[in-house]
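I have placed the structure first, in the form of structure tokens, so that the comments after it can refer back to it.
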Amino acid sequence: MKRVLITGAAGFLGSHLCDRFINDGFHVIGMDNLITGRLKNIEHLFKLEHFEFYNHDVSKFIHVSGELDYILHFASPASPIDYLKIPIQTLKVGSLGVHNCLGLAKAKGARILIASTSEVYGDPTVHPQPEEYWGNVNPVGPRGVYDEAKRFQEAITMAYHEFHGLETRIVRIFNTYGSRMRLNDGRVLPAFIGQALRGEDLTIFGDGSQTRSFCYVDDLVEGIVRLLFSNYHLPVNMGNPDEITISQFAEEIIKLTGTNQKVVYQDLPIDDPKQRQPDITKAKEILGWKPIVERAEGLSKTYDYFKKLTKEELIQTEHNNFDKFILK
Ligand code: UDP
């Protein structure tokens, strides 16, 4: 049985990856320090013989006993609100954390895949964004802690590949959505759906003309699995090229939820990218991958998940575990 370590296992993407690797017959070792991840996301796995979980911060030395075949490094705060609230942890997990994961991969002879992001392109001046584009990132802006950590993460991963001959894979993930996103993480989809479910107006930041392209989580997971088992070590974009404005997105959520609320406008956050759409030519050519879930279907499945949340979960606006980590 192949053994895989998934960091960020209790998070949105990490938990879906745990499910997929369990279903594919792997022994899964999950790791998370639960700052932004939640045990609820992986609760159903604890009873399984081939799932283990460690509550550990990967920016500190990682010890895993036994053999490891694969490591997927998905630990990181990943929403603008999160990295504004915990900027140092965001920088540490993308630098010290990835270094520890790479060291572990080297010691175990494991192949490692790291989660990068469309944020490496910053506020892009090239559209859509191909992997060859170097980006337009403000290192000292509020997003700099995330963007630069992820850029460093790619650089050190390439260095381990070149210098140590480590088998490495880099996925640049564009906006992705699905069940288990945190309602209060500030990202646009949980924000809008949460507002609709609570009977609040939907908050559009700026004039709503900025664009994003949203990929359903199952499509992304399939792409990640294909990349892991490919022979390609350079970064690969993954996302759904179906681009819409945030105003259109708000309309879709209003229709989906049947809310009578309206949209209200708030200030656009600093350095909020004006447009974003992945160029997925590489993923298509190298992995034979493209997203297949239409937004209407993906949104409806995602809404089913949020509808089942309890009243307490719906009104929870503060981040549960932040306080004990801040100032460390
Ligand atoms: N956004 C919005 N209202 C909200 C939350 C987000 O209009 O309540 C906007 C945000 O300014 C951005 C887009 O939606 O332009 C996507 O934001 P998100 O935080 O989901 O992701 P990112 O900016 O990292 O793509």
Side-chain angles (χ1 to χ4, degrees), residues 3-15 17-18 28-39 41-42 52-65 68 70-108 110-117 119-120 137 139-140 142-161 163-164 166 168-173 182 185-186 224 235 319-328:
R3 289 160 57 86
V4 56
L5 169 69
I6 300 178
T7 76
F12 163 48
L13 295 180
S15 65
L17 285 165
C18 287
V28 174
I29 302 162
M31 198 170 273
D32 204 299
N33 66 352
L34 305 176
I35 306 191
T36 57
R38 292 168 306 165
L39 284 179
N41 291 340
I42 47 171
E52 297 172 53
F53 178 75
Y54 295 94
N55 182 341
H56 179 69
D57 178 351
V58 296
S59 36
K60 304 198 173 93
F61 181 83
I62 307 170
H63 173 73
V64 173
S65 55
L68 265 187
Y70 303 103
I71 298 176
L72 289 102
H73 182 44
F74 276 71
S76 178
S79 82
I81 282 204
D82 287 351
Y83 39 82
L84 276 178
K85 289 207 175 188
I86 41 171
I88 314 285
Q89 283 77 13
T90 304
L91 279 158
K92 280 168 76 177
V93 74
S95 51
L96 308 178
V98 73
H99 189 210
N100 289 335
C101 289
L102 288 162
L104 182 65
K106 183 166 151 266
K108 301 277 186 186
R111 179 181 294 181
I112 181 168
L113 180 147
I114 63 145
S116 189
T117 165
E119 283 284 328
V120 299
V137 169
V140 295
R143 287 175 181 251
V145 294
Y146 183 63
D147 301 6
E148 295 297 0
K150 291 291 187 179
R151 289 169 69 96
F152 171 85
Q153 184 173 282
E154 290 196 5
I156 191 171
T157 299
M158 287 303 293
Y160 265 73
H161 174 80
F163 191 73
H164 291 306
L166 197 68
T168 55
R169 306 287 180 265
I170 300 173
V171 55
R172 289 188 181 149
I173 301 169
R182 240 176 43 239
D185 78 358
I224 288 168
H319 297 76
N320 353 359
N321 297 321
F322 274 18
D323 292 349
K324 61 179 188 216
F325 288 95
I326 288 171
L327 300 178
K328 269 194 188 165

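In what follows, every heavy atom counts, from backbone to side chain, and hydrogens, waters and symmetry copies are set aside.
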Heavy atoms only: give me the nearest [X]-[Y] pair and the separation to one decimal.
X: L34; Y: F53; value: CD2-CZ, 4.2 Å
X: S116; Y: E154; value: OG-OE2, 2.6 Å
X: T7; Y: A75; value: OG1-N, 3.1 Å
X: P142; Y: L84; value: CB-CD2, 3.4 Å
X: F152; Y: G94; value: CD2-O, 3.7 Å
X: Q153; Y: V98; value: CG-CG2, 3.5 Å

Would you indicate whether the side-chain heavy atoms of [Y] and [X] approach each other to under 4.5 Å?
X: F74; Y: L113; value: yes
X: D185; Y: T36; value: no
X: Y160; Y: I112; value: no
X: H63; Y: H56; value: no
X: I173; Y: L13; value: yes
X: C101; Y: I114; value: no
X: V58; Y: N100; value: no
X: P77; Y: V93; value: yes

I'd like to know if the side chain of [X] reaches the main chain of [Y], judged simply by a donor and an acceptor atom lying under 3.5 Å from each other, with no hydrogens or angles considered.
X: H73; Y: G8; value: no
X: K108; Y: I71; value: no
X: D147; Y: V137; value: no

First locate atom [atom1] of [X], then atom [atom2] of [Y], and finally report the distance between them rounded to the nearest 0.5 Å.
X: Q89; Y: N33; atom1: CD; atom2: CG; answer: 8.5 Å
X: F61; Y: H99; atom1: CZ; atom2: NE2; answer: 11.5 Å
X: L102; Y: I62; atom1: CG; atom2: CD1; answer: 9.5 Å
X: T168; Y: I156; atom1: OG1; atom2: CD1; answer: 11.5 Å
X: D32; Y: N55; atom1: CG; atom2: CG; answer: 7.5 Å
X: Y54; Y: L5; atom1: OH; atom2: CG; answer: 10.0 Å

Note: [X]-[Y] ion pair, threshold 4.0 Å (strictly below):
X: D82; Y: R182; value: yes
X: E148; Y: R151; value: yes
X: E119; Y: R143; value: yes

Audit row: S76, K150, side chain to side chain contact (heavy atoms under 4.5 Å, CB included) steps and yes/no: CA-CA 10 Å; S76 178; K150 291 291 187 179; 3.9 Å; yes
